[in-house]
Amino acid sequence: MENPEIARILAETADLMEIDGENPFSIRSFRNAASTLDGMPERVADILADPGRDITQIQGIGKGIASALADILARGSFPRRDEMLARYPPTALEMLRIPGLGPKTVRTLWEQFRVSTLEDLARLCQEQKLRALPRMGAKLEEKILQGIAHYRQSAGRFLINHVSTVAAELAPLLGATPAGSLRRGRETVGDLDLLTSRENALELFLQHPRVHDALAAGSNKASARFGAEGLQVDVRMVPPESLGAALCYFTGSKDHNVALRQRALKLGFSLNEYGLFRLSDETRVAGETEAEIHAALGLDFIPPELRENQGEIEAALHHTLPALIEPRDIRGDLHMHTRESDGRATFHEMAAAAQELGHAYIAITDHSKSLAMANGLDERRAVAFAAEVRQFNAGGPPLRVLSGLECDILRDGRMDLEDGALAELDFVVASVHSYMSLEPAEMTDRLLRAIECPSVKVLGHPTGRVLLHRDAYRYEFDTVARAAAARGVAFEINSSPERLDLHAPLIRRARELGCKFIISTDAHHPRHLSNFHYGVTMARRGWLSASDVLNTLPLAEFLASTRH
DNA sequence: TCGGATTGCCGAAGCCTGTCCACACAGGC
């Protein structure tokens with residue numbers, strides 16, 4: 001068993017303990033252990049298998065969790081978890097994912113009504129039975145019903161980082177190329193499609209220790225679930241001469257394929273997953289690579305990220321496709337957190353990790369004071385931090401650190417810190433973290449006012465969405481984008497796999513309205529810094545070139561290009 | 001439950017605000 005799966009079991013246990021009303025410190029220990037193991041490069045299984053090693057040497061792993069780990073590796077669970085699963089249905093955990101329901105309420109629902117599925121819960125709300133309980137009412141019933149509907153919509157979809165990790169593990173093993181929505185860079189993915197010409201690939205796939213529940217196992221296709229999360233993976237055998245055609249077909253999108261086939265028909269060809277054929281005599285014209293198919297159709301090569309039938313075929317025909325930004329174009333990361341607020345590392349550790357990635361500059365942007373739970377900085381701490389950074393830079397380090405802040409935008413659009421303190425800092429990201437369900441007009445005014453603040457260089461995670469979890473807040477995007485363009489405030493493309501915000505349609509729109517962009521990670525740990533390539537993928541889906549993105553510039557030009 | 005001290009026990013602890021219902025719970029990164 002791999003570390004992420006072990007971490008998931010520990011975190012799930014913590015959820016159950018919370019429902020059970022256990023000692024908060026105990027719960028916290030499980031959460032901490034889960035997060036430590038999740039990010040650890042070394043396998044827990046290897047450490048436990050080595051008699052010379054002691055896993056309790058790892059910070060946060062004591063005797064209790066060490067013994068749980070041994071049990072988990074041996075049989076997938078441990079006594080404490082078994083005991084709780086005997087008392088609460090595993091579906092209780094699903095209920096925790098419905099906004100408005102926390103551990104206390106879930107427990108009450110179970111004790112009062114034996115609610116064990118979301119179906120039960122929905123019925124209870126529809127029958128207006130929830131309101132019979134103390135401190136519950138019509139509003140909550142409505143909220144829960146909405147939450148369930150939303151949850152069902154997103155169920156069965158996975159975040160891009162999860163699917164990428166699985167693809168990175170399986171693809172080399174099977175000699176396969178990922179296709180489907182992962183290849184297009186969609187922010188969430190329903191299932192993973194892998195194409196291969198390697199002879200024993202299907203066999204290898206089905207024998208893989210983490211593959212289970214085979215749904216199909218023919219000679220051309222195998223389909224099964226992978227890992228504890230149950231991501232569906234489809235592996236297809238494709239003859240080498242059809243690989244390009246199959247890649248085209250299985251990468252999609254469906255609308256793009258339809259348009260591409262129409263183009264083929266117009267030129268007297270037929271296009272399918274086996275190749276491009278002349279209609280008159282059924283001769284194969286192309287099929288081994290996508291490039292030769294596109295070329296035969298008189299098109300420039302269309303990068304997968306653009307294949308949404310949003311004008312890419314016309315652009316490819318007229319040679320007006322943009323030269324899309326590449327991960328190697330990125331020179332800096334302008335949004336990250338340290339232990340000063342809710343990050344896990346010091347600013348020196350973040351700087352070292354960023355340097356290792358090849359960045360030339362970073363901004364440290366911890367939270368501001370109104371985000372109390374994150375220990376946000378007040379004016380005094382912010383100014384002191386700016387001084388500390390000046391001192392750091394005085395040593396002429398290879399990587400330049402900018403003193404920054406992710407400053408909360410208050411409800412009325414004012415900044416959380418005084419202008420004087422903000423002016424001391426090199427780089428201010430302005431973000432919304434509260435009052436996310438304002439009426440659109442009020443939210444628009446709020447953002448417009450935030451942009452007025454002279455220190456603000458970029459609008460952080462501009463729609464506030466959290467994938468599979470929370471919708472974007474509502475405002476008049478065009479109005480804010482026009483103002484941002486006029487004031488020289490950039491839009492962030494937040495690369496955190498949970499956010500990926502802005503997303504493609506709004507990136508494209510903002511660019512049309514004259515906006516510039518900054519691709520940042522919002523890292524809370526050194527390992528998050530490598531997420532910038534997800535942001536680059538979003539930028540590509542938004543048709544951006546390096547010249548649209550300010551942090552592709554060398555430091556001096558970057559500083560000159562941001563508002564000042 | 002962990003870690004560290006006091007070695008069989010104690011301290012740890014993001015906190016503030018809105019919602020919905022009647023004071024507690026959930027949510028914010």
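All chains are named by letter (A, B, ...) in the order of the sequence lines, taking the proteins before the strands, and each is independently numbered beginning at 1. What you see below is based on every heavy atom in this structure, not just the backbone, and it leaves out hydrogens, waters and symmetry mates. As the structure is a prediction and not an experimental result, all values here were calculated from the model.
Taking atom P on both nucleotides, B/dC16 is separated from B/dC2 by 29 Å, rounded to a whole Å. Spacing of C1' atoms, B/dC9 relative to B/dT19, comes out at 41 Å, to the nearest Å. B/dG27 and B/dC21 have their P atoms separated by 15 Å, with the value rounded to a whole Å. B/dG11 and B/dT17 have their P atoms separated by 30 Å, with the value rounded to a whole Å. With C1' as the reference atom, B/dA12 and B/dA5 are 14 Å apart, rounded to whole Å. Across B/dC15 and B/dA22, the matching P atoms stand 28 Å from one another, rounded to whole Å. Separation of the C1' atoms belonging to B/dG3 and B/dG8 is 14 Å when rounded to the nearest angstrom.
Applying the salt bridge (charged side-chain N to carboxylate O under 4.0 Å, His left out) test to A/Glu111 and every residue at least two apart in sequence or in another chain returns A/Arg107. Not a single ring pair (Phe, Tyr, Trp, His ring centres under 6.0 Å) links A/Phe517 to another residue, sequence neighbours left out. Considering only residues two or more places apart in sequence or on other chains, A/Ala34 meets the side-chain contact (heavy atoms from CB on, under 4.5 Å) condition with A/Ala7, A/Leu10, A/Ala11. Contacts of A/Tyr361 classified as ring pair (Phe, Tyr, Trp, His ring centres under 6.0 Å), with partners at least two apart in sequence or in another chain: A/Phe558. Under the rule for a ring pair (Phe, Tyr, Trp, His ring centres under 6.0 Å), the partners of A/Phe477 that lie at least two apart in sequence or sit in another chain are A/Phe491. Not counting sequence neighbours, the partners of A/Glu439 by the side-chain contact (heavy atoms from CB on, under 4.5 Å) test are A/Arg474. For A/Tyr534, there are no ring pair (Phe, Tyr, Trp, His ring centres under 6.0 Å) partners, not counting sequence neighbours.
Closest approach to the A/Ser29 side chain among B/dA26, B/dT1, B/dC29 is made by B/dT1 (side chain taken as heavy atoms from C-beta onward). Side-chain proximity of A/His367 to B/dA13, B/dT1, B/dC29: nearest is B/dC29. Closest to the side chain of A/Met436, out of B/dT1, B/dG28, B/dC25, is B/dG28.
Listed pair A/Arg499 / B/dC29 meets the phosphate criterion, a side-chain N or O lying under 4.0 Å from OP1 or OP2. When the side-chain nitrogen and oxygen atoms of A/Arg470 are compared with OP1 and OP2 of B/dC29, one or more of them lie within a distance under 4.0 Å.
For A/Glu498 and B/dG28, the CD to C1' distance is 15 Å, given to the nearest whole Å. A straight line from NZ of A/Lys104 to P of B/dC23 spans 15 Å, rounded to a whole angstrom. For the pair A/Leu10 CG and B/dC2 P, the interatomic distance rounds to 10 Å; values are reported in whole Å. For A/Asp366 and B/dC29, the CG to C1' distance is 11 Å, given to the nearest whole Å. For A/Asn32 and B/dG3, the CG to C1' distance is 12 Å, given to the nearest whole Å. In this structure, CG of A/Asp501 is placed 14 Å from C1' of B/dC29, rounded to the nearest angstrom. Spacing between atom OH of A/Tyr473 and atom C1' of B/dG28 amounts to 12 Å, rounded to whole angstrom units. Atom CZ in A/Arg465 sits roughly 21 Å away from atom P in B/dG27 (whole-Å rounding).
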Verdict with supporting geometry, A/Glu492 and A/Arg499, salt bridge (charged side-chain N to carboxylate O under 4.0 Å, His left out) = CA-CA 11 Å; A/Glu492 177 175 271; A/Arg499 290 188 181 272; over 6 Å; no
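Evaluation of the ring pair (Phe, Tyr, Trp, His ring centres under 6.0 Å) test over residues 436-467 of chain A, restricted to residues two or more places apart or in two chains, returns A/His433-A/His461.
Within 4.0 Å of A/Arg344, counting heavy atoms only, lies no atom of the nucleic acid at all. Across all strands shown, A/Asn375 has no heavy atoms under 4.0 Å from either base or sugar-phosphate atoms. Using a 4.0 Å heavy-atom distance criterion, A/Asn23 is classed as a base contact. Counting any heavy atom pair closer than 4.0 Å across all strands shown, A/His524 reaches sugar-phosphate atoms only and no base atom. Here A/Ser341 lies out of heavy-atom contact (under 4.0 Å) with every strand.
A donor-acceptor contact closer than 3.5 angstrom links the side chains of A/Arg157 and A/Thr188. Inspection of the A/Thr552 and A/Asp329 side chains reveals no N or O donor paired with an N or O acceptor under 3.5 Å.
Using a 4.0 Å cutoff on non-hydrogen atoms, the parts of residues 56-74 of chain A near DNA chain B are A/Ile58, A/Gln59, A/Gly60, A/Ile61, A/Gly62, A/Lys63, A/Gly64, A/Ile65, ordered by number.
Two residues are said to be in side-chain contact when any heavy atoms from C-beta on lie closer than 4.5 Å; A/Ile362 and A/Leu529 fail this criterion.
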Each nucleotide of nucleotides 16-21 of chain B classed B (base within 4.0 Å of a protein heavy atom), S (only sugar-phosphate) or -, in 5' to 3' order, makes SSS-SS
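Pairs of Watson-Crick or G-U wobble type, with distances under 3.5 Å, assemble into runs of 3 or more in DNA chain B at these ranges: B:1-4 with B:9-12, B:15-19 with B:24-28.
Stacking annotation: A/Phe25 is stacked on the base of B/dA12 (ring centroids less than 5.5 angstrom apart, interplanar angle below 30 degrees).
Annotation: of the two residues near DNA chain B, A/Phe30 and A/Val432, the 5′-most nearest-nucleotide partner is A/Phe30.
A/Glu406 pairs with exactly one of A/Ser368, A/Ser520, A/Ser431 by the side-chain contact (heavy atoms from CB on, under 4.5 Å) rule, that one being A/Ser431.
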Give every donor-acceptor pair under 3.5 Å between a side-chain atom in residues 83-90 of chain A and any protein atom, sequence neighbours left out.
| unit_1 | atom_1 | unit_2 | atom_2 | d |
| --- | --- | --- | --- | --- |
| A/Glu83 | OE2 | A/Arg87 | NE | 3.1 |
| A/Glu83 | OE2 | A/Arg87 | NH2 | 2.8 |
| A/Arg87 | NH1 | A/Asp20 | OD1 | 2.9 |
| A/Arg87 | NH2 | A/Asp20 | OD2 | 3.1 |
| A/Tyr88 | OH | A/Asp20 | OD1 | 2.6 |

